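Worksheet: the structure to be examined is printed underneath.
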Amino acid sequence: MKAITIRSIDLHTILLPYLSPFETSFGAETDKVAVLVELRTDGGVVGWGECSIELWPGYGHETAETAAHMLAEFMAPAVIGASISDPREFPTLIRRFRGNHHARAGLEAAVWDAFAKHNEMRLTDCFAMYAPAGHASQGSATVGVSIGIQPSLEATVDVVRNRLEQGYGRIKLKIKRGWDVEVARAVRAEFPDILLMLDANSDYRLEDAKRLATLDQFDLLMIEQPLSHDDIYEHGILQKRLKTRVCLDESVKSASDLRIALTVGAVGILNLKPARVGGFSECLEIYRICVENDLPLWIGGMLETGVGRAANLAFAALPAVNLPSDISATDRYFAADISEPPFVLGEESTLAVPDGIGIGVEVRRDRLEEAKRRWIDKYPYGKALTR
Ligand code: OSB
Ligand code: MG
């Protein structure tokens with residue numbers, strides 16, 4: 001493989017309105033916020049990466065401001081001028097900075113995109129090259145859709161019906177304490193045969209085990225992250241009390257966390273989010289552990305723009321990603337995405353990896369500028385704070 005040398009890095013903080021607000025156990029969000037990383041090589045190749053974050057530091061602790069700060073002040077200066085002949089070595093360049101996985105992941109994604117483009121490969125084939133032998137990209141991924149907390153049970157059933165009609169083959173419902181058994185019952189009653197799962201985003205405690213066990217009757221594919229965002233141990237105790245398989249999201253921030261979770265029986269399925277674990281090199285390590293342990297795996301999302309979604313899709317097309325991923329079509333998220341072409345849902349609830357090299361989508365400069373302006377207009381920091 002031909003090495004790249006990093007010449008420059010530009011950061012773009014953007015705000016892109018969602019088609020509809022997305023509500024989870026930690027709050028509702030109306031817009032996507034992201035820091036997009038534009039990386040230029042000495043050879044003139046441009047790689048793009050997305051730091052997936054949210055306005056409210058509820059899923060993870062990072063915000064657009066912290067990610068931009070970590071990148072501008074520390075991580076980008078540490079890598080400018082570096083030559084990379086194997087993207088898996090990239091994390092060592094920023095090892096001396098701790099944490100900040102979402103920021104780190106966006107930068108690493110831009111490196112992977114530039115590296116794949118420089119070598120005239122699709123990013124998905126580039127990932128496959130570093131996956132275990134025989135794990136070629138399938139060129140598409142089976143996907144589902146994540147449905148936020150709705151104002152009523154009727155509204156939930158309506159949204160589910162709508163998504164099923166659009167062709168989604170797996171439905172994930174967000175739940176929280178006080179919005180769980182009834183919503184699962186209502187949806188299951190209407191749609192007895194669909195692939196259905198729940199995501200609690202850490203809203204429960206171990207004392208709620210009995211309540212959570214009543215969800216067993218709904219034949220759920222899994223329950224995602226019921227307990228604390230930084231717990232592994234108690235998820236192991238909970239799993240012994242549930243028939244439904246526990247899927248970890250927030251709790252697994254590294255390959256090391258996954259090994260612990262496997263050891264204590266806390267993980268029956270893994271939601272792997274590149275942003276959460278700090279980048280695609282760590283994803284490849286986690287992928288290998290899943291293969292070795294026969295652990296069911298899918299790729300999670302954070303309502304990314306096309307830039308982040310394209311990279312996630314490239315990874316989700318690897319063959320050991322064997323459950324539907326949270327990567328939906330563009331029209332589930334935005335009226336006009338930052339990149340073109342849009343992702344369109346295909347047969348049997350799949351998304352096809354684009355043919356182009358790298359992430360396979362192009363950033364639209366006009367939309368990028370508009371989304372940057374929207375961020376600045378909406379969040380004019382420096383204004384006096386009053387009650
Ligand atoms: O917990 O999986 C989650 C979005 C933001 C933050 C956390 C989560 C989510 C999703 C969205 O479920 C899935 C998607 O990107 O379509
Ligand atoms: Mg989740």
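Counting convention: from 1, in listed order, for ligands and their atoms alike. Just so it is clear, the model here is predicted, and its values are computed rather than measured.
Two residues are said to be in side-chain contact when any heavy atoms from C-beta on lie closer than 4.5 Å; Val143 and Ser328 fail this criterion. Contact of the Asn312 side chain with the Glu304 side chain is registered, since non-hydrogen atoms from C-beta on lie closer than 4.5 Å.
Counting only residues at least two apart or on different chains, no side-chain hydrogen bond (donor to acceptor under 3.5 Å, both in side chains) pair has a member in residues 341-352.
Under the 4.0 Å criterion applied to side-chain N and carboxylate O atoms, Arg373 and Glu370 are not assigned as salt-bridge partners.
Residue contact annotation: Asp199 places an N/O/S atom under 2.8 Å from the Mg ion (ligand 2). Within the 2.8 Å limit, Glu250 places no N, O or S atom next to the Mg ion (ligand 2).
Aromatic rings from Trp112 and Phe315 are positioned such that their centres are separated by 6.0 Å or more. Checked against the 6.0 Å centroid threshold, His69 and Phe74 count as a close aromatic pair.
A salt bridge (Lys or Arg N to Asp or Glu O under 4.0 Å) with Asp326 is found for one member of Arg170, Lys273, Arg332, Lys174 and no other, namely Arg170.
A heavy-atom cutoff of 4.0 Å around ligand 1 is satisfied by the protein residues Phe22, Glu54, Tyr59, Ser146, Lys172, Lys174, Asp199, Asn201, Glu224, Asp249, Lys273, Gly301, Met302, Leu303, Asp326, Tyr333.
Summary: OE2 is the N/O/S atom of Glu224 found nearest to the Mg ion (ligand 2). Closest to the Mg ion (ligand 2) among the N, O or S atoms of Asp249 is OD2.
Taking CG from Leu351 and OG from Ser140, the interatomic distance works out to 8.5 Å, rounded to the nearest 0.5 Å.
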